Amino acid sequence: MTEIRYPGTSGPSVETLLTHLGREPDNQFGFVNTPVYRGSTVLFKTLADLDAQQQHYLYGRAGNPTTEGVEAVVTALEGAYRTKLVPSGLAAITIALLSCVSAGDDILVTDSAYEPGRKFSDGFLARMGVGVRYYDPRIGAGIADLIGPHTRAVLAESPGSLTFEVQDVPAIAAATKAAGITLIVDNSWASPLYYQPLKLGADIVIHAGTKMFVGHSDAFAGTISTTEAAWKSVEATRAALGFFTSGDDAYLVARGLRTLSIRMNEHQNRALDIARWLESQPEVEAVLHPALPSHPDHALWKRDFTGSGSLFGVVLRDAPRSAVAAFVDHMQLFSMGYSWGGYESLCLPSIIRRTVNPWPQSHNLFRLHIGFEGVDDLKADLSAALERYRRARV
Ligand SMILES: Cc1ncc(COP(=O)(O)O)c(C=O)c1O
């Protein structure tokens with residue numbers, strides 16, 4: 001058993017926690033797993049019970065034992081006050097942002113943010129009268145200069161989607177705390193096993209549970225974990241918007257979480273092996289993986305993270321679009337598709353949209369998610385793709 005304990009505690013290891021937390025067999029006739037609870041109506045026995053509104057469950061939209069089991073595990077992993085399970089990672093982002101703002105406020109969003117989060121900010125929030133500005137993901141303490149009188153929240157993602165810049169969350173948190181505003185961090189890449197932003201000063205941590213938590217590409221989920229101070233507004237926003245996660249989906253998240261540690265470890269090792277190998281390939285211009293010493297933010301990653309994820313970027317030498325097609329169209333094991341975090345490897349040609357600083361590597365960028373196929377088989381698939389790319393390039 002790998003001994004990954006929470007920093008500064010002597011409590012149970014993360015593996016033990018993942019195995020035992022969030023299920024109560026005594027309440028489920030001895031069955032190991034909390035089953036799928038389906039239900040809207042929850043019954044009250046008496047008028048006094050209805051008037052008192054003190055039952056644990058009042059109406060199914062607020063949650064049920066299946067969703068609460070997941071929330072208990074994620075709360076412990078993140079060192080949070082509480083967690084809410086929501087229908088998707090994007091819903092986690094939108095609820096977290098909406099919990100912070102009113103018309104006339106503004107927010108700061110990392111230039112490396114997950115694209116649909118940008119779209120929500122530029123479209124929906126702007127329509128509601130909320131200003132949106134983007135910041136360089138490497139800004140660190142410099143973010144203090146961007147925080148104005150109406151700024152209410154900073155949305156960070158570390159490492160960033162597609163380009164994998166690591167953010168100096170403690171420095172950003174010092175600035176947001178000094179200004180009394182909320183720092184939200186998307187922690188989907190590392191999972192709470194390898195990175196715990198609340199302990200570095202963030203107020204809200206969100207996950208696209210669809211990825212590593214579910215782990216099998218067969219369900220959507222998101223989580224929002226917060227400090228005590230941030231909780232009330234997050235839960236009130238979620239409740240007001242009517243977001244609910246079904247027991248069926250929650251069950252799949254709970255099942256995925258039981259093996260999160262061993263899956264993360266395998267993903268990490270395989271991804272690093274392939275990332276290192278890719279660095280030595282002649283068609284490769286750069287590998288964007290924070291755990292590699294060649295990455296510009298490697299020192300920051302080393303300081304704040306205890307491991308790395310399944311996902312990284314690879315920039316190939318300049319070539320026309322036809323070479324990109326030659327690379328991806330005939331892959332045998334890597335498939336092309338959105339999302340990540342499943343057992344199957346994925347390769348996604350990516351286009352970077354930046355508004356603060358132009359993305360320096362204009363050449364072809366691919367995002368790889370390394371799954372559980374044999375590493376040598378994956379290398380052979382990539383090797384053949386690189387050779388097709390080379391032939392199409394020259
Ligand atoms: C970093 C990150 N955050 C959030 C999301 C959104 O998650 P979902 O697809 O569950 O809405 C994604 C999805 O790819 C993601 O990669």
Side-chain angles (χ1 to χ4, degrees), residues 67 70 74 78 83-98 109-121 123-124 137 154-167 169 183-195 197 202 204-225 238 241 243-246 248-250 252-253 256-257 260 264 267 271 288-290 305 308-313 335-342 344-353 365-371:
T67 60
V70 170
V74 180
E78 287 291 2
T83 295
K84 200 71 203 178
L85 187 64
V86 295
S88 70
L90 182 58
I93 295 170
T94 61
I95 294 167
L97 284 173
L98 284 169
V109 176
T110 175
D111 212 15
S112 58
Y114 171 63
E115 181 73 18
R118 283 184 84 113
K119 274 198 186 129
F120 171 77
S121 304
F124 189 96
V154 172
L155 174 62
E157 186 186 324
S158 190
S161 269
L162 304 176
T163 46
F164 300 94
E165 295 97 330
V166 178
Q167 297 196 25
V169 164
L183 174 58
I184 304 164
V185 179
D186 185 330
N187 189 24
S188 303
W189 181 80
S191 90
L193 266 59
Y194 299 154
Y195 192 49
I204 298 177
V205 173
I206 72 97
H207 281 277
T210 312
K211 322 300 175 197
M212 303 316 312
F213 291 178
V214 168
H216 295 75
S217 307
D218 53 2
F220 273 98
T223 60
I224 314 176
S225 303
R238 181 211 63 81
L241 292 170
F243 277 111
F244 161 76
T245 308
S246 76
D248 299 73
D249 288 334
L252 291 173
V253 185
L257 283 170
L260 181 67
M264 283 302 294
H267 282 299
L288 311 178
H289 190 314
F305 291 70
S308 56
S310 64
L311 205 63
F312 64 92
S335 312
M336 193 165 37
Y338 296 118
S339 201
W340 49 278
E344 80 292 3
S345 292
L346 296 169
C347 173
L348 188 70
S350 306
I351 295 184
I352 308 303
R353 192 167 81 83
L365 170 64
F366 298 79
R367 187 185 74 177
L368 298 184
H369 161 71
I370 305 302

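Please read all numbers here as calculations on a predicted model, not as lab measurements. Just follow the structure's listing: the first ligand is 1, and inside any ligand the first atom is 1.
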Practice item. Calculate, to the nearest 0.5 Å, the distance between atoms CG and OH belonging to L155 and Y114 respectively. Key: 12.5 Å
Study note, to complete from the structure: Rounded to the nearest 0.5 angstrom, the CD1-CD1 distance for I224 and I95 is 4.0 Å
Check your understanding: To the nearest 0.5 Å, what is the distance between CG (L346) and CG (L311)?
Key -> 9.0 Å
Check your understanding: Between W340 and ligand 1, which residue portion shows a heavy-atom distance shorter than 4.0 Å: side chain, backbone, both, or neither?
Key -> side chain
Practice item. List every atom of ligand 1 that sits less than 4.0 Å from any heavy atom of E157, numbering the atoms from 1 in the order shown and giving each element. Key: 1 (C)
Point to revise | Under 3.5 Å: N/O of I206 near N/O of ligand 1 | key: no
Review point. For S335 and E344, does a side-chain donor sit closer than 3.5 Å to a side-chain acceptor?
Key: no
Exercise for review: From the options L348, D186, T210, select the one whose nearest heavy atom is closest to atom 10 (O) of ligand 1.
Suggested key: T210
Check your understanding: Checking T210 side chain against A221 main chain: does a donor-acceptor pair fall under 3.5 Å?
Key -> yes
Point to revise | Part of W189 with heavy atoms under 4.0 Å of ligand 1, whether side chain, backbone, both or neither | key: neither
Point to revise | From CG (L97) to CZ (F124), nearest 0.5 Å | key: 11.0 Å
Exercise for review: Output the list of atoms in ligand 1 that are nearer than 4.0 Å to some heavy atom of S161, sorted by atom number.
Suggested key: 1 (C)
Practice item. Please identify which atoms of ligand 1 are closer than 4.0 Å to at least one heavy atom of G89. Key: 6 (C), 7 (O), 8 (P), 10 (O), 11 (O)
Review point. For ligand 1, is any non-hydrogen atom under 4.0 Å from L90's backbone (N, CA, C, O), its side chain (CB onward), both, or neither?
Key: both
**Study point:** Backbone of Y195 reached by a side-chain donor or acceptor of N187 within 3.5 Å
**Key:** yes
Check your understanding: Among protein heavy atoms, which lies nearest atom 6 (C) of ligand 1, and at what distance?
Key -> Y114 CE2, 3.3 Å
**Study point:** Test item, K211 contacting ligand 1 (heavy atom, 4.0 angstrom)
**Key:** yes
